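These notes concern the structure reproduced below.
Computed from a prediction, not measured in an experiment: that's the story for all the values here. Start at 1 with the first residue, then count along the sequence.
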Amino acid sequence: MPPVPARLALSPSCTLSSMPKPAVTLETVWQTGLTFSNVEKSTSWGAPALKVRGNLMAGVPTNKAAEPGSLLIRIDRRDRPALLAESPDLYYAPDHYLGYDGVLVRLKHLTPEILHDLLAMAYKFATRKPGRPLK
């Protein structure tokens with residue numbers, strides 16, 4: 001592999017772990033979610049949420065088991081173990097949420113790219129036909 005040109009090389013004190021990640025805020029979540037068809041900003045249990053045709057897609061978790069700075073993403077609960085195993089720093093599921101279709105996400109570890117993918121999964125989940133499995 002050829003050496004990295006000097007103009008593109010990072011300074012020795014600048015490592016990938018020290019570089020700032022793009023910040024994902026709740027405002028980023030709302031802006032990204034509203035790019036999906038028929039999604040509107042609403043509330044769920046009195047907290048800000050995104051819904052598609054009245055179905056919850058994502059929102060601020062209200063149960064005391066949720067860590068501050070978290071986001072609830074609606075997904076099929078059968079998909080949750082894979083996410084938890086893949087990135088336990090990003091995803092978590094307190095006992096209160098285990099019987100619910102969703103996963104909690106720590107915003108401080110979330111990137112805009114992952115956010116978009118998660119909202120796409122949530123959109124697909126929220127718009128599925130009742131009684132039909134997700135494909």
Side-chain angles (χ1 to χ4, degrees):
M1 180 182 281
V4 176
R7 64 184 168 76
L8 298 178
L10 298 174
S11 72
S13 64
C14 186
T15 64
L16 289 178
S17 62
S18 70
M19 292 177 66
K21 289 191 286 186
V24 171
T25 64
L26 285 175
E27 188 57 35
T28 310
V29 172
W30 310 142
Q31 289 173 357
T32 304
L34 292 172
T35 64
F36 291 86
S37 180
N38 298 310
V39 172
E40 62 183 6
K41 191 170 175 194
S42 184
T43 60
S44 177
W45 295 96
L50 292 171
K51 292 182 179 179
V52 55
R53 296 186 197 111
N55 295 314
L56 181 63
M57 189 171 119
V60 175
T62 57
N63 186 272
K64 64 182 178 182
E67 297 171 11
S70 294
L71 179 69
L72 169 68
I73 298 286
R74 293 287 312 278
I75 60 166
D76 189 306
R77 71 186 82 183
R78 294 172 294 186
D79 296 330
R80 184 173 45 220
L83 292 176
L84 294 172
E86 175 186 314
S87 187
D89 289 341
L90 177 59
Y91 307 107
Y92 71 106
D95 288 345
H96 174 80
Y97 292 91
L98 293 180
Y100 189 68
D101 288 311
V103 68
L104 297 180
V105 180
R106 294 177 179 98
L107 289 175
K108 67 183 177 185
H109 296 297
L110 190 57
T111 65
E113 297 78 21
I114 294 171
L115 171 63
H116 186 273
D117 291 348
L118 287 171
L119 289 175
M121 287 173 57
Y123 183 84
K124 186 174 181 180
F125 181 81
T127 58
R128 75 198 185 290
K129 301 241 190 264
R132 289 184 132 176
L134 295 173
K135 292 184 182 180

Write down the atom of Ala93, the atom of Leu84, and the distance for their closest heavy-atom approach.
-> N-CD2, 4.0 Å
On a heavy-atom basis, the closest approach of Val24 and Thr111 is CG2-C, 3.5 Å
Should Leu34 and Leu118 be regarded as members of a common hydrophobic cluster, given that ILVMFWY residues are connected when their side-chain heavy atoms come within less than 4.5 Å of each other, either directly or indirectly?
-> yes
For the residue pair Leu115 and Val29, establish whether any side-chain heavy-atom pair is separated by less than 4.5 Å.
-> yes
For residues 23-69, pull every pair meeting ring-ring contact (aromatic ring centres under 6.0 Å, His included), keeping only residues two or more places apart or in separate chains.
-> Phe36-His116, Phe36-Tyr123
Under a single-linkage definition using a 4.5 Å side-chain heavy-atom cutoff for Ile, Leu, Val, Met, Phe, Trp and Tyr, are Phe125 and Tyr100 assigned to the same hydrophobic cluster?
-> no
List, one per line, each side-chain donor-acceptor pair under 3.5 Å for residues 49-57, sequence neighbours excluded.
residue, atom, partner, partner atom, Å
Lys51, NZ, Thr43, O, 2.9
Asn55, ND2, Ala126, O, 3.2

Mind checking whether Asp101 and Ile75 have side chains closer than 4.5 Å, heavy atoms only?
-> no
Considering all heavy atoms of both residues, which atom of Leu119 and which atom of Gly33 are nearest to each other, and what is their separation?
-> CD1-N, 3.6 Å
CE-CG distance between Met121 and Leu83, expressed to the nearest 0.5 angstrom = 5.0 Å
Is there side-chain contact between Leu110 and Thr28, with heavy atoms separated by less than 4.5 Å?
-> no
Over all atoms of both residues, closest heavy-atom pair of Gly102 and Leu72 = CA-CD1, 4.2 Å
Are Leu107 and Leu104 connected in the hydrophobic side-chain network, where two residues link if heavy atoms are under 4.5 Å apart?
-> no
So, for Ile73 and Ala58, which heavy atoms are closest and what is the spacing to 0.1 Å?
-> CD1-CB, 3.9 Å
Does one side chain, of Asn63 or His96, offer a donor that lies under 3.5 Å from an acceptor on the other?
-> yes
Determine the minimum heavy-atom distance between Leu71 and Gly59, stating which atoms define it.
-> CD1-O, 3.4 Å
Using a 4.5 Å cut-off on heavy atoms from C-beta on, say whether the side chain of Val105 contacts that of Ser70.
-> no
Would a distance-only check, ignoring hydrogens and angles, find a side-chain to backbone donor-acceptor pair under 3.5 Å from Arg80 to Leu98?
-> yes
Does NZ or CZ of Arg106 come closer than 6.0 Å to the centre of the six-membered ring of Tyr92, within 45° of the ring's axis?
-> yes
